[in-house]
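For clarity, every value in this text was computed on a predicted model and none was experimentally measured.
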Amino acid sequence: DVRQALFARNGAWTASGGAIEVDRAVLTVRNSIFSDNLAATDGGAVRVTGANGSLSDVTFDHVTATFNLAGQSGSVLDLAYTDALVTNSVFVQNSGSEAIEGATSTAAPTYAQSYCWADANSPGNYAITPDPTGIHGNVEQDPFVLATDDSDWTNDTWLLTPSSPA
């Protein structure tokens with residue numbers, strides 16, 4: 001288990017998993033932040049894979065990910081042969097590929113997300129995994145967090161404003 005961790009400015013300059021790469025294992029991340037991480041290929045922040053019928057299992061709970069970059073897939077989270085549960089998390093302003101990228105239904109048999117917000121990720125928020133926006137408590141509009149627009153996460157509070165719909 002990873003708890004109350006900050007992963008900032010890490011890099012996999014020629015590989016996958018800018019901050020963390022897991023192969024055929026269980027990964028649980030709670031109350032943590034991923035910011036400014038980079039992977040040359042997959043998983044700007046995290047890459048989780050299983051193989052040959054052996055699934056990995058990943059849980060993200062109360063995770064904030066912003067300004068992460070992947071060269072090919074999953075600027076925040078790249079999943080392959082992996083069951084995933086993502087709850088109470090925020091994925092904003094990550095780039096290079098969709099924030100959360102899975103694989104075909106045979107390679108990513110279970111993906112569930114609830115009470116999350118994914119927005120302003122370039123080129124998109126989700127790829128291959130179904131876009132769960134607006135269901136299971138997921139926020140489908142800007143929740144109005146207290147964040148500056150200067151691309152420096154260190155001076156952002158990420159608290160909700162009084163006008164937030166969340």
Side-chain angles (χ1 to χ4, degrees), residues 1-52 54-133 136 138-139 151 153-154 156 158:
D1 278 7
V2 176
R3 295 177 184 270
Q4 299 179 337
L6 169 62
F7 296 91
R9 298 186 179 107
N10 296 291
W13 308 111
T14 60
S16 300
I20 297 175
E21 184 171 21
V22 173
D23 185 17
R24 290 172 273 186
V26 174
L27 173 65
T28 300
V29 180
R30 298 185 194 283
N31 302 313
S32 297
I33 297 171
F34 291 88
S35 186
D36 294 307
N37 298 291
L38 170 122
T41 58
D42 308 317
V46 178
R47 166 82 166 151
V48 182
T49 59
N52 299 325
S54 175
L55 292 174
S56 290
D57 186 32
V58 62
T59 300
F60 265 34
D61 183 46
H62 288 93
V63 171
T64 298
T66 186
F67 304 115
N68 296 287
L69 173 69
Q72 292 179 3
S73 65
S75 60
V76 174
L77 183 58
D78 187 69
L79 307 168
Y81 299 98
T82 302
D83 289 330
L85 174 62
V86 180
T87 56
N88 304 305
S89 296
V90 174
F91 306 115
V92 178
Q93 293 185 344
N94 299 284
S95 60
S97 66
E98 284 75 4
I100 301 169
E101 188 151 350
T104 63
S105 61
T106 58
T110 304
Y111 177 83
Q113 177 177 312
S114 61
Y115 300 99
C116 294
W117 177 47
D119 192 35
N121 297 291
S122 176
N125 297 322
Y126 306 96
I128 303 172
T129 55
D131 182 346
T133 306
H136 304 297
N138 293 306
V139 179
S151 296
W153 60 270
T154 61
D156 295 336
W158 298 102

Mark yes or no for whether [X], through its side chain, and [Y], through its backbone, hold a donor-acceptor pair below 3.5 Å.
X      : Y     : result
Ser89  : Val63 : yes
Thr49  : Asp23 : no
Ser35  : Thr66 : yes
Asn121 : Ser95 : no

Closest non-hydrogen atom pair, [X] against [Y]:
X      : Y      : answer
Gly43  : Ala70  : N-CB, 4.1 Å
Ser16  : Thr41  : OG-OG1, 2.7 Å
Ala84  : Leu79  : CB-CD1, 3.7 Å
Trp117 : Asp119 : NE1-CB, 3.2 Å
Cys116 : Val86  : SG-O, 3.6 Å
Arg47  : Ala80  : NH1-CB, 3.8 Å

**Message:** Students often mix this up, so state it plainly: with edges at 30° and 60°, are the rings of Phe34 and Phe60 parallel, tilted or perpendicular?
**Reply:** parallel

**Request:** Report the residues that fulfil side chain to side chain contact (heavy atoms under 4.5 Å, CB included) with Leu27, sequence neighbours left out, ordered by chain and then residue number.
**Result:**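 Per chain and number, Leu27 pairs via side chain to side chain contact (heavy atoms under 4.5 Å, CB included) with Val2, Ile20, Val22, Val29, Val46, Val48, Val58.
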
**Prompt:** Would you say the side-chain atoms of Ser75 and Asn68 include a donor-acceptor pair closer than 3.5 Å?
**Reply:**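 No - no donor-acceptor pair under 3.5 Å links their side chains.
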
**Request:** Among residues two or more places apart or on two chains, list those pairs meeting salt bridge (Lys or Arg N to Asp or Glu O under 4.0 Å) that have a residue in residues 55-70.
**Result:**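 Applying salt bridge (Lys or Arg N to Asp or Glu O under 4.0 Å) to every pair that reaches into residues 55-70, excluding sequence neighbours, yields Arg30-Asp61.
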
Hey, what do you get for [atom1] ([X]) to [atom2] ([Y]), rounding to the nearest 0.5 Å?
X     : Y      : atom1 : atom2 : answer
Phe91 : Thr64  : CZ    : OG1   : 8.5 Å
Glu98 : Leu77  : CD    : CG    : 13.0 Å
Leu69 : Leu38  : CG    : CG    : 5.0 Å
Phe7  : Ile33  : CZ    : CD1   : 11.0 Å
Arg9  : Asp36  : CZ    : CG    : 5.0 Å
Asn88 : Ser114 : CG    : OG    : 6.0 Å

**Asked** Side-chain contact, heavy-atom cut-off 4.5 Å: Gln4 with Ser32?
**Response** no

**Message:** Would you say that Thr87 contacts Tyr115 through its side chain, given a criterion of any heavy-atom pair below 4.5 Å between the two side chains?
**Reply:**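 They are not in contact (no side-chain heavy atoms under 4.5 Å apart), so the answer is no.
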
**Derivation of the side-chain contact (heavy atoms from CB on, under 4.5 Å) call for Gln113 and Ile100** = CA-CA 11 Å; Gln113 177 177 312; Ile100 301 169; 3.7 Å; yes

